[in-house]
Amino acid sequence: MPAFFRYLVPLLAFLALVALLFKGLGIDPKRVPSPLIDKPAPAFNLPKLKQPQQSLSNADLEGKVSLLNVWATWCVACRQEHPLLVQLSKSGVPIYGLNYKDQRPAAEQWLQRFGDPYVANAFDAEGRVGIDWGVYGTPETFIIDKQGIIRHKHIGPLTRDAIEREILPLVKKLREEKG
């Protein structure tokens, strides 16, 4: 084998690897496709965080456009996102919470301390409902239409920009749809 080919093959393999890695840098890690988009929200029935004798289910979300925010007190990004949720709730968007793999007293204390933007919170102590919803981590926010169909999933903390560019326009559009 000529020396030229002996060096050319490793060089081409190296360049192909560099090209793949460079392409990977351009992928937005928050753009994880969800198989649940445009499908009915997975059924759940969990005790409420503040009233454990009562339950919250996906049936409570139907008939209106709503958000389901997955959060936990151990989640640093949830703390960052929380003031925006409080502001968003004042704009009339119903936000339901899914308190994920948390401790009930810590979660209740969190809401007392930082404000409670939620219409109600489901307490998912073991995280099983989170698994059904395809939760990768907290925070995640789902937009659910009037028929109980998941129309959007935002991974990571909501930002002011995401609320203004993604969330509110979609909520408005879904509210205007018949049904």
Side-chain angles (χ1 to χ4, degrees), residues 21-42 44 46 49-50 56 58 60-62 64-103 106-124 127 129-177:
L21 293 173
F22 185 74
K23 183 177 179 172
L25 291 175
I27 297 173
D28 184 356
K30 293 182 178 178
R31 290 237 172 238
V32 179
S34 172
L36 297 177
I37 301 298
D38 295 329
K39 296 194 175 149
F44 70 93
L46 289 169
L49 177 67
K50 291 182 176 178
L56 181 69
N58 54 322
D60 294 308
L61 309 179
E62 293 180 9
K64 57 189 169 278
V65 178
S66 57
L67 272 60
L68 180 79
N69 177 253
V70 183
W71 68 282
T73 59
W74 46 263
C75 163
V76 174
C78 296
R79 174 70 181 91
Q80 172 191 349
E81 172 187 70
H82 197 78
L84 293 173
L85 290 174
V86 172
Q87 286 179 349
L88 183 60
S89 71
K90 292 176 183 171
S91 71
V93 177
I95 306 171
Y96 291 87
L98 179 66
N99 184 243
Y100 183 70
K101 294 183 176 180
D102 211 342
Q103 301 294 318
E108 290 174 334
Q109 187 178 22
W110 165 290
L111 295 175
Q112 281 180 333
R113 182 173 179 193
F114 301 117
D116 187 352
Y118 303 106
V119 174
N121 253 294
F123 185 60
D124 188 14
V129 169
I131 291 170
D132 293 343
W133 281 66
V135 171
Y136 296 99
T138 56
E140 291 186 6
T141 303
F142 297 86
I143 298 178
I144 301 142
D145 72 11
K146 298 173 194 171
Q147 290 78 37
I149 307 293
I150 295 175
R151 301 296 293 267
H152 181 72
K153 178 180 181 181
H154 181 90
I155 298 173
L158 289 173
T159 61
R160 189 170 310 280
D161 185 59
I163 289 172
E164 291 174 3
R165 291 179 188 236
E166 290 174 33
I167 305 298
L168 290 176
L170 183 55
V171 166
K172 181 181 178 197
K173 177 185 167 202
L174 294 174
R175 282 180 169 168
E176 293 171 354
E177 288 181 355

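In this text the structure is predicted, and so the values were computed from the model without any measurement. The first residue of the sequence shown is numbered 1, and numbering continues consecutively from there.
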> Can you check side chain to side chain contact (heavy atoms under 4.5 Å, CB included) on Phe44 and Asp60, steps first, answer last?
Replying inline: CA-CA 10 Å; Phe44 70 93; Asp60 294 308; over 6 Å; no
>> Would the distance check show the side chain of Asp124 and the main-chain N or O of Val129 forming a donor-acceptor pair, the cut-off being under 3.5 Å?
In response: yes
> Rounded to the nearest 0.5 Å, how far does OG of Ser89 lie from CG of Asp116?
Replying inline: 8.0 Å
> If you look at every heavy atom in Ala41 and Asn58, which pair is closest and at what distance?
Replying inline: O-ND2, 3.8 Å
>> Quick one, Glu81 and Asn69 - any side-chain contact, counting heavy atoms below 4.5 Å?
In response: yes
> What's the shortest heavy-atom distance between Gly115 and His82, and which atoms?
Replying inline: O-NE2, 2.7 Å
> Rounded to the nearest 0.5 Å, how far does OG1 of Thr141 lie from CG of Leu85?
Replying inline: 6.0 Å
>> Return the CZ to CG distance between Arg165 and Leu170, rounded to the nearest 0.5 Å.
In response: 15.5 Å
> Using 4.0 Å as the upper bound for N to carboxylate O, is an ion pair formed by Arg151 and Asp38?
Replying inline: yes
>> With a 3.5 Å distance limit and no angle check, can you tell me whether Lys146 reaches the backbone of Glu177 through a side-chain donor-acceptor pair?
In response: yes
> OH of Tyr96 to CG of Leu68: how many Å apart, nearest 0.5 Å?
Replying inline: 10.0 Å
> Crowded around Glu108 CD? As in, over 12 foreign heavy atoms under 6.0 Å?
Replying inline: yes
> Any chance CD of Gln87 has more than 12 other-residue heavy atoms, nucleotides or ligands included, within less than 6.0 Å?
Replying inline: yes
>> Would you say that more than 12 heavy atoms from the other residues, nucleotides or ligands in this model lie under 6.0 Å from the CZ of Arg175, or not?
In response: yes
> In Å and rounded to the nearest 0.5 Å, what is the CG to CD distance from Leu61 to Gln147?
Replying inline: 13.0 Å
> Roughly how far, to the nearest 0.5 Å, is the SG atom of Cys78 from the CZ atom of Phe114?
Replying inline: 11.5 Å
>> Using a 3.5 Å distance criterion without hydrogens, assess whether the side chain of His154 forms a donor-acceptor pair with backbone atoms of Ile167.
In response: no
> Hey, does Leu111 have a side-chain heavy atom less than 4.5 Å from the side chain of Tyr118?
Replying inline: yes
> So, the side chain of Asn99 versus the backbone of Phe123: is there a donor-acceptor pair under 3.5 Å, distance only?
Replying inline: no
> Checking side chain to side chain contact (heavy atoms under 4.5 Å, CB included) for the pair Leu67/Ile144: CA distance, chi angles, key distance, verdict?
Replying inline: CA-CA 6 Å; Leu67 272 60; Ile144 301 142; over 6 Å; no
> Got a salt bridge between Lys64 and Asp145, using NZ or NE/NH1/NH2 to carboxylate O under 4.0 Å?
Replying inline: no
> Can you list the steps and then say if Lys153 with Glu140 is a salt bridge (charged side-chain N to carboxylate O under 4.0 Å, His left out)?
Replying inline: CA-CA 7 Å; Lys153 178 180 181 181; Glu140 291 186 6; 3.3 Å; yes
> Stepwise, does the side chain to side chain contact (heavy atoms under 4.5 Å, CB included) test hold for Trp74 with Thr138?
Replying inline: CA-CA 9 Å; Trp74 46 263; Thr138 56; 3.5 Å; yes
> Do the side chains of Leu56 and Leu46 get nearer than 4.5 Å, heavy atoms only?
Replying inline: no
> Between Leu98 and Trp71, does a side chain to side chain contact (heavy atoms under 4.5 Å, CB included) hold up when you go through it step by step?
Replying inline: CA-CA 6 Å; Leu98 179 66; Trp71 68 282; 5.8 Å; no
> With a 4.5 Å heavy-atom cut-off, do Val70 and Pro139 have their side chains touching?
Replying inline: no
>> Holding to side chain to side chain contact (heavy atoms under 4.5 Å, CB included), I want the full list of residues that pass it with Pro42, two or more places apart in sequence or in another chain.
In response: Leu36, Asp132, Trp133, Ile150
